Amino acid sequence: MSGPALRLAVELDGDGAHPAAWRRAAHAPDHLLTPRRLSRVAAAAENAGFTLITLEDGTLPPGATPDVVGRIGAVERAAFLAASTSVIGIAPVVPLTYAEPFHVSAQLASLDHISVGRAGWVVSEETRPEAARLWGRRLVDGAAARARESRDGVEVVRALWDSWEDDAVIRSVATSRYLDRERLHYVDFTGDTYAVKGPAIVPRPPQGQLVVLGRPDLVPAGHLDVGLVAGRDLAALEAAAAAAGTPRTFAEVEVALDTPDATAEERLADLERHTPWADSGRLRHVGSAAGLAALLERLRGVVDGVRLHPLVVDEDLNVLSGLVLPHLFERRHAVRPLPGASLRTQLGLERPANRYAAPTTQTTQTTQTTQTTPATPIREETR
């Protein structure tokens, strides 16, 4: 199907989408969590022309023995990559089921400052009861309760990003003031399980609002910039994209590709001997690079972008970089990110106005009625 050029994202958590991917990795198992390995795969994705890297995360280990059972926090990994990359966007996965939205807001705003406007955020959930015990919180039980936490959390995080106006930091030597306190605002949020007063403790992100990605069936579409949609076949995927209701949609696609040493089927069978690759409800391509390129070309006009989940990062990323992406770029079916542009710009999203800032056309008297805070920011957060 014809349509605008795709933006391409890739999930780079661990050694790949398959739980036994570490068995085919190009490094020793104890090198998985090293900075060198993380920067190497991020550099490969950036050089290949991906627009965005995502980093899966959760409170609990990603697998069970004998497979990989550890990871470093996604926000920490994203901060490291923000300083070691220059063009590609970086979006850590941060669940809101138990995390405090105030702290999530500060972490992600800081990430956007570090990356100079290249940060995003993938909203997810903690579904296993063990996560509540690790957080020391009461269990958030049921899909509706988890959806409520995600909805309220995204609303609070977005409000806190706006609680500093863009010009709140004045650095006035003459008046010995760092901030204009009238440009900081309370958010005054009260939900079913907690309240947040605000304002934030980090200045407004360079993008104003980070790009927020998530599943429209888990987070209200109005809270998302990019809906991550899935379907086991093209018809289901097209229906999900049409129903998403988000400004942009990205298709979720798992990939296992032929390599010079083995076919995709052989590679997958080798891993399946140890651990099965669970059905996640996503479209899955097992085959040649040419077949994947043809599939992605069919998705043009259906979605705005695609997030790829490689079977084994060290093997499939090489094929993606060498065969799939060059084919798409040459035919202008996908585009590379532009140096110096924010992630919002890369995705064709406008920088949003601050909800608390007075419109520039209003009179000074009207501007003075905007709710302000005292010099010392105050926060209240209870559960």
Side-chain angles (χ1 to χ4, degrees), residues 9-14 16-17 19 52-63 68 70-79 81 89-109 111-112 119-135 137 139-158 191 193 209-231 240 244 246 248-254 278-282 305-309 343:
V10 60
E11 170 59 47
L12 292 182
D13 181 59
L52 178 66
I53 292 169
T54 63
L55 300 167
E56 182 60 59
D57 201 6
T59 303
L60 299 169
V68 176
R71 59 159 61 108
I72 296 173
V75 173
E76 289 77 11
R77 284 179 286 162
L81 292 179
I90 307 163
V93 172
V94 183
L96 285 170
T97 310
Y98 301 106
E100 298 288 359
F102 188 91
H103 301 311
V104 172
S105 168
Q107 290 176 323
L108 294 173
L111 177 62
D112 204 44
W121 171 28
V122 182
V123 184
S124 68
E125 295 181 342
E126 299 273 17
T127 59
R128 294 167 57 186
E130 298 91 333
R133 293 198 294 269
L134 287 176
W135 277 97
R137 297 192 180 279
L139 175 65
V140 178
D141 192 19
R146 292 192 297 270
R148 176 200 64 212
E149 294 299 316
S150 295
R151 179 201 66 214
D152 289 354
V154 174
E155 183 177 342
V156 169
V157 169
R158 283 191 176 278
T193 58
Q209 296 273 321
L210 278 70
V211 176
V212 181
L213 307 91
R215 287 172 48 183
D217 58 332
L218 299 181
V219 182
H223 287 23
L224 298 174
D225 297 302
V226 179
L228 299 175
V229 296
T246 52
R248 298 290 181 269
T249 54
F250 271 44
E252 300 273 45
V253 181
E254 297 173 340
D279 181 2
S280 61
R282 299 170 180 148
V306 175
R307 180 165 72 146
L308 300 176
H309 299 259
L343 182 57

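These numbers were taken from a predicted model, which means no experiment stands behind them.
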Nearest 0.5 Å, please: how far is CZ in R128 from CG in L134? 9.0 Å
Say whether, by atom type as modelled, one donor and one acceptor occur between the side chain of Y98 and the main chain of R133 under 3.5 angstrom. no
Would you indicate whether the side-chain heavy atoms of D13 and R77 approach each other to under 4.5 Å? yes
Test side chain to side chain contact (heavy atoms under 4.5 Å, CB included) applied to R248 - qualifying residues, sequence neighbours left out: V226, D304, L349
First locate atom CG of L308, then atom CZ of R282, and finally report the distance between them rounded to the nearest 0.5 Å. 11.0 Å
For S150 against S124, the heavy-atom pair lying closest together: OG-O, 4.0 Å
Any chance you could measure L139, atom CG, to R146, atom CZ, to the nearest 0.5 Å? 8.5 Å
Nearest-0.5 Å distance, CD1 of residue I53 to CZ of residue R307: 12.5 Å
To the nearest 0.5 angstrom, please state how far the OG1 atom of T54 sits from the CD1 atom of I90. 11.5 Å
Do you know the tightest heavy-atom contact between E125 and T97? CA-OG1, 3.5 Å
Are L96 and E149 side-chain neighbours, meaning at least one heavy-atom pair lies under 4.5 Å? no
Note: P220 and R151 closest approach over all heavy atoms is CG-CG, 3.7 Å
Between L210 and G120 the two heavy atoms that sit nearest each other are CD2-O, 4.0 Å
Quick check: do L218 and V123 have side-chain heavy atoms less than 4.5 Å from each other? no
Rounded to the nearest 0.5 Å, what's the gap from OG1 on T246 to CZ on R215? Could you check? 13.5 Å
Is it the case that the side chain of E126 and the backbone of T59 share a donor-acceptor pair, with hydrogens and angles ignored and the cut-off at 3.5 Å? yes
So, do D141 and P129 sit near enough that their side-chain heavy atoms are less than 4.5 Å apart? no
At their closest point, which heavy atom of P101 faces which heavy atom of V157, and how far apart are they? O-CG2, 3.5 Å
Quick one: closest heavy-atom pair of G191 and D152, and the distance? CA-OD2, 4.2 Å
Any donor and acceptor pair, going by atom type alone, linking the side chain of D57 with main-chain N or O of G73 inside 3.5 Å? no
Side chain to side chain contact (heavy atoms under 4.5 Å, CB included), that's the test. Do L55 and L81 meet it? Break it down for me. CA-CA 11 Å; L55 300 167; L81 292 179; 4.2 Å; yes
Sub-3.5 Å donor-acceptor pair from the side chain of E56 to the main-chain atoms of E11, do we have one? no
Could you walk me through whether W121 and V154 pass side chain to side chain contact (heavy atoms under 4.5 Å, CB included), step by step? CA-CA 10 Å; W121 171 28; V154 174; 3.9 Å; yes
